[in-house]
Amino acid sequence: MSIVTVQLGQCGNQIGHELFSALCRDSRGTHGLCSNNENQSYQDSCKERFFCEEESAVPAARAVLVDMEPKVISQALSMAASSGHWRYSSHSHFCQKQGSGNNWANGYCVHGPRHKEAIMELVQREAERCDRLGGFLTIMSMAGGTGSGLGAFVTQCLRDAFPTSFILNHVIWPYGTGEVIVQNYNSVLTLSHLYHSSDALLVHENDVIHKICAQLLNIKQISFRDVNQVIAHQLGSVFQPAHLPCAVSLSDMSSCGFLLSGDLLESLVPHPEFRMLGLRNIPQMAESSLPYSTFSWPGLLRQMLIANAQMEEGIDWQVRPPQAGSCIPCTNKALHFNTSIANLLILRGKDVHSVELGSFQDPSLYTSWLNPQDAFTAWKTPRAFNKYEKSAALVSNSQFLLKPLDSIVGKAWNMFASKAYLHQYTKFGIQEEDFLDCFTTLEQVISSYTNL
Amino acid sequence: MTQSVVVQVGQCGNQVGCRFWDLALREHAAVNKKGIYDEALSSFFRNVDTRSGDTGPDIYRGKICSLKARALLIDMEEGVVNEILQGPLRDVFDSKQLITDVSGSGNNWAVGHKIYGCQYRENIVEKLRKTAEHCDCLQCFFIIHSMGGGTGSGLGTFVLNLLEEEFPEVYRFVTSVYPSGEDDVITSPYNSVLAMKELNEHADCVLPIENESLFEIVNKIHQMINSGKLGSTVKQNSLVTSSAGSAKTLPEKPFDAMNNIVANLLLNLTSSARFEGSLNMDLNEISMNLVPFPRLHYLVSSLTPLYTLADVNVPSRRLDQMFSDAFSRDHQLIRADPKHSLYLACALLVRGNVQVSDLRRNIERLKPSLHFVSWNQEGWKTGLCSVPPVGHSHSLLALANNTCVKPTFIELKDRFMKLYKKKAHLHHYLQIDGMEQSCFSEAVSSLSDLIEEYNELDATKGGPRIDASRLKIAV
């Protein structure tokens with residue numbers, strides 16, 4: 001099953017490029033201790049999902065690049081081409097001359113309708129190249145104008161044109177202390193619109209990734225490239241193939257775990273009101289330290305469980321060998337967990353099959369109207385990911401985004417109450433009533449998550 | 001990529017404009033090693049095949065043949081424009097891009113706006129259309145002028161009006177040089193206030209500049225160099241006031257150093273639109289983020305660093321110093337202290353080898369000492385452009401929408417009222433066809449309203465932060 005990725009705006013295109021690079025690199029990289037057959041199926045599966053094999057030997061990413069100004073796309077195209085291992089198809093991009101000016105209304109009301117045909121034609125062409133189309137992944141930030149506004153419009157178009165395919169929106173949340181002054185308006189408009197047309201929103205917050213770069217990877221002068229590479233690594237750890245619990249081998253495609261499959265998204269998003277998914281990935285450390293580290297599953301998973309609970313300063317992220325005689329805590333109430341709706345755990349690497357996962361099914365982690373057995377899924381593959389001997393990724397639908405969401409809506413509301421910047425939006429067709437509708441949608445989402 | 005057109009009006013406008021084109025060529029020459037006409041160059045320059053004379057066809061790619069500035073030079077006296085056309089930049093300007101007259105505007109806004117405006121309207125529109133036709137995607141007009149005289153002020157604002165009428169979708173950024181208190185033009189307050197009304201109503205963004213501030217910056221640099229402490233190690237071409245390395249070989253004129261600062265301001269403002277970076281900031285984004293209410297579009301600017309030392313090793317402390325300086329009183333291009341007034345919004349455009357973590361660290365560090373309006377507490381717009389200016393490894397342009405412009409406007413109004421109360425020199429204006437007393441009263445009223453808007457915002461400063469109560473959802 002294949003996915004078509006739509007990269008929108010500067011952020012979307014920069015991350016998209018890092019994602020394909022990471023997938024390609026992992027696919028060609030060391031496979032740890034799994035068998036050659038396993039590895040072969042892994043590589044084939046990855047290739048079919050994300051790349052299109054062409055006679056010219058270098059695989060082409062199944063991607064459509066969209067931006068309202070040309071600089072970023074041309075960079076992405078040339079960087080991919082110079083890698084020698086993969087590339088973007090030569091006619092899969094669409095750009096204009098003048099950007100969206102960080103204006104959601106410009107992206108949604110003006111650029112969207114104006115360029116709908118051209119963009120959808122590119123998507124259609126990419127979709128037709130897939131033997132079996134699984135769905136769509138869109139990558140965008142919600143702070144700017146193109147990724148957010150045009151992205152919301154394109155998502156709606158995808159939903160209309162492909163009613164049975166899955167749409168996963170990968171959304172980047174901007175730094176709290178601003179990259180764009182009107183980012184909170186743009187975010188509110190984006191999230192409320194996506195909630196109506198998307199299947200699920202997979203969220204990455206810049207602040208969080210920045211901390212990973214600073215504290216775990218020890219990068220001194222963090223650039224957006226560093227941030228994007230961490231994001232690509234996390235996405236890769238979730239998108240690369242892994243077994244479903246009952247599967248015997250990866251070559252059995254129908255039983256291959258895949259985030260963009262109907263079944264999985266149904267179990268992660270059982271209720272339309274709860275669509276936001278977060279990602280945790282362990283371990284994350286500087287590449288230079290990798291050869292000197294060994295991990296144990298209990299240690300990793302204990303961190304994962306605690307990390308699932310809260311992502312605050314006090315939590316110790318260091319991966320340490322387990323103390324002798326320690327055991328995984330069985331009641332977690334004292335740690336103030338975020339209540340979950342559903343969790344998906346993906347384990348990769350050495351000794352995966354012997355891992356004890358009981359603590360992830362503790363009822364206290366989950367909301368009362370769900371059965372932990374249904375709410376928790378685990379996939380495993382002995383194939384190592386991106387040079388980590390063992391790694392774990394957790395996709396979680398829980399209250400973890402509640403605080404950031406509430407903060408964004410609060411700031412946007414304050415600005416809205418003073419009517420600041422509204423003339424910039426009304427100029428392009430978004431009126432005060434439209435804003436009010438969006439606020440209402442999001443307050444509803446906040447309320448639902450709060451009452452879990 | 002988009003194009004921008006520069007309209008330079010009047011003596012000041014043309015002198016600053018001239019410096020701008022000179023430094024723009026210098027900047028592109030430093031970056032564009034292969035002599036290929038690229039997108040970055042096309043934002044301000046056309047590439048013309050001059051084998052068939054000045055009116056040759058445009059060449060859109062390939063080697064640079066002859067670069068022509070996307071500019072319109074307007075002056076009602078011939079002196080300044082003639083000098084430009086005889087100087088080293090003569091080939092950069094198309095002979096058709098000029099509109100001149102002989103007698104000047106006599107430091108009278110009404111002469112510039114009403115008489116010359118009327119007289120040259122068609123000519124100006126035609127020439128603007130021509131320059132626009134040469135653009136693939138015209139994004140912005142930059143007007144450069146002074147407020148205190150007659151041509152720049154009167155005819156300049158007439159052109160502003162025209163641009164809004166004829167090209168409503170194109171942004172209008174105006175760089176206005178405001179007269180200082182000791183200005184030797186007696187009627188400069190009249191001219192400035194009459195022009196202000198036009199700026200209030202028809203400009204998208206205004207970057208006010210005061211000669212005094214430029215003068216102080218120039219002095220500061222001279223002192224630095226002559227003090228001997230750092231003199232020998234300052235890279236000459238890095239001075240924000242310098243023309244070093246540019247086409248100009250004549251001895252520097254007195255205003256050149258000051259005008260270079262303004263030219264650098266424009267170069268930095270457009271750098272992210274021309275060159276790549278990890279977080280692009282285009283001109284339409286500047287307008288979107290920094291103008292919360294239509295009339296509050298006056299942006300205080302500062303450029304740092306003013307020079308670079310020749311030693312290549314740049315510790316991050318120096319980088320942080322660059323950020324601190326951007327908010328200091330001495331580096332602003334008008335006499336204002338943004339730190340002690342209220343910020344409505346702030347933009348930081350960084351060029352060179354600076355990453356997002358440096359930006360974040362400095363914002364965190366400086367934020368506590370700045371006052372932001374209650375509904376925009378984290379109101380920062382940031383941009384990262386990879387290409388630094390000539391002679392620097394990194395630089396910062398800070399644009400602030402801050403109530404610290406208020407004193408400038410209040411002073412202007414006071415000086416205006418001093419003259420107006422006594423009706424001094426009024427007859428020079430009223431005798432012009434189309435001018436009436438109401439023009440004056442409307443203009444000062446417009447200025448008063450603007451000042452009042454800033455007052456209202458200032459009143460909220462330092463008060464308790466009251467968050468608007470949120471929507472309640474029925475559970």
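Protein chains get the first letters and strands the later ones, always in sequence-line order, with residue 1 at the start of each. Given the structure is predicted, the values throughout are model-derived calculations rather than measurements.
- For chain B, no part of A:Gln183 is nearby; none of its heavy atoms comes within less than 4.5 Å.
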Verify ring pair (Phe, Tyr, Trp, His ring centres under 6.0 Å) between A:His93 and A:Tyr88, making sure each step is shown before the conclusion. CA-CA 9 Å; A:His93 58 271; A:Tyr88 284 110; 9.0 Å; no

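- Under the 6.0 Å distance and 45° angle rule, A:Arg275 counts as a cation-pi partner of A:Tyr195.
- Ion pair B:Arg351/B:Glu27 flagged as a salt bridge, since at least one NZ, NE, NH1 or NH2 atom sits closer than 4.0 Å to an Asp/Glu carboxylate oxygen.
- Contact of B:Ala273 with chain A is made through the backbone alone, with heavy-atom distances under 4.5 Å.
- Contacts of A:Glu179 with chain B are made by both backbone and side-chain atoms, with heavy-atom separations under 4.5 Å.
- Side chains of B:Asn402 and B:Tyr454: a donor-acceptor N/O pair is absent below 3.5 angstrom, by distance only.
- Of the two parts of A:Glu443, the backbone and the side chain both hold a non-hydrogen atom closer than 4.5 Å to a non-hydrogen atom of chain B.
- Contact of A:Asp406 with chain B is made through backbone and side chain together, with heavy-atom distances under 4.5 Å.
- Of all the listed residues (B:Ser469, B:Gly379, B:Cys137, B:Ser278), the one sharing the greatest number of non-hydrogen pairs under 4.5 Å with chain A is B:Ser278.
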Worked verdict on B:His28 versus B:Phe275 for ring pair (Phe, Tyr, Trp, His ring centres under 6.0 Å): CA-CA 10 Å; B:His28 281 283; B:Phe275 302 115; 5.5 Å; yes

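- Using a 3.5 Å distance cut-off with no hydrogens or angles, the side chains of A:His204 and A:Gln234 do pair a donor with an acceptor.
- Only the side chain of B:Tyr171 comes within contact range of chain A, with heavy atoms under 4.5 Å apart.
- Contact annotation for A:Phe416: neither backbone nor side-chain heavy atoms come within less than 4.5 Å of a heavy atom of chain B.
- Counting heavy-atom pairs closer than 4.5 Å to chain B, the top residue among A:Ser448, A:Ala420, A:Cys11, A:Ala143 is A:Ala420.
- For A:Gln98, the parts lying near chain B are the backbone and the side chain together; criterion is any non-hydrogen pair under 4.5 Å.
- The residue among B:Glu378, B:Lys381, B:Arg360 with the most heavy atom pairs within less than 4.5 Å of chain A is B:Arg360.
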Checking B:Asp204 against B:Ser287 for the side-chain hydrogen bond (donor to acceptor under 3.5 Å, both in side chains) test, could you report, in this order, the C-alpha distance in whole Å, the side-chain angles of both residues, the deciding distance, and whether it holds? CA-CA 7 Å; B:Asp204 286 312; B:Ser287 167; 5.2 Å; no

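- Interface remark: B:Leu384 contributes side-chain atoms only to the contact with chain A (heavy atom separation under 4.5 Å).
- Note on A:Gln14, A:His210, A:Gln221, A:Met415: by heavy-atom pairs under 4.5 Å with chain B, the leading option is A:Gln221.
- Between chain A and the residues B:Lys367, B:Glu276, B:Glu39, the most heavy-atom pairs under 4.5 angstrom are made by B:Glu276.
- B:Glu364 CD: more than 12 foreign heavy atoms inside a 6.0 Å radius.
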Please assess A:Tyr185 against A:Trp104 for the test ring pair (Phe, Tyr, Trp, His ring centres under 6.0 Å), listing each intermediate value before the final yes or no. CA-CA 8 Å; A:Tyr185 277 165; A:Trp104 194 93; over 10 Å; no

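- Using a 4.5 Å cut-off between heavy atoms, A:Ile219 makes no contact with chain B at all.
- Side-chain polar atoms of A:Asn184 and A:Ser187 form no donor-acceptor pair below 3.5 angstrom.
- Interface residue B:Asn280: backbone and side-chain heavy atoms are both found under 4.5 Å from chain A.
- Between chain A and the residues B:Leu359, B:Val291, B:Ile363, the most heavy-atom pairs under 4.5 angstrom are made by B:Val291.
- Neither the backbone nor the side chain of A:Ser74 comes within contact range of chain B, judged by heavy atoms closer than 4.5 Å.
- Annotation: cation-pi geometry not satisfied between B:Arg365 and B:Phe323 (NZ/CZ under 6.0 angstrom from ring centroid, within 45° of ring axis).
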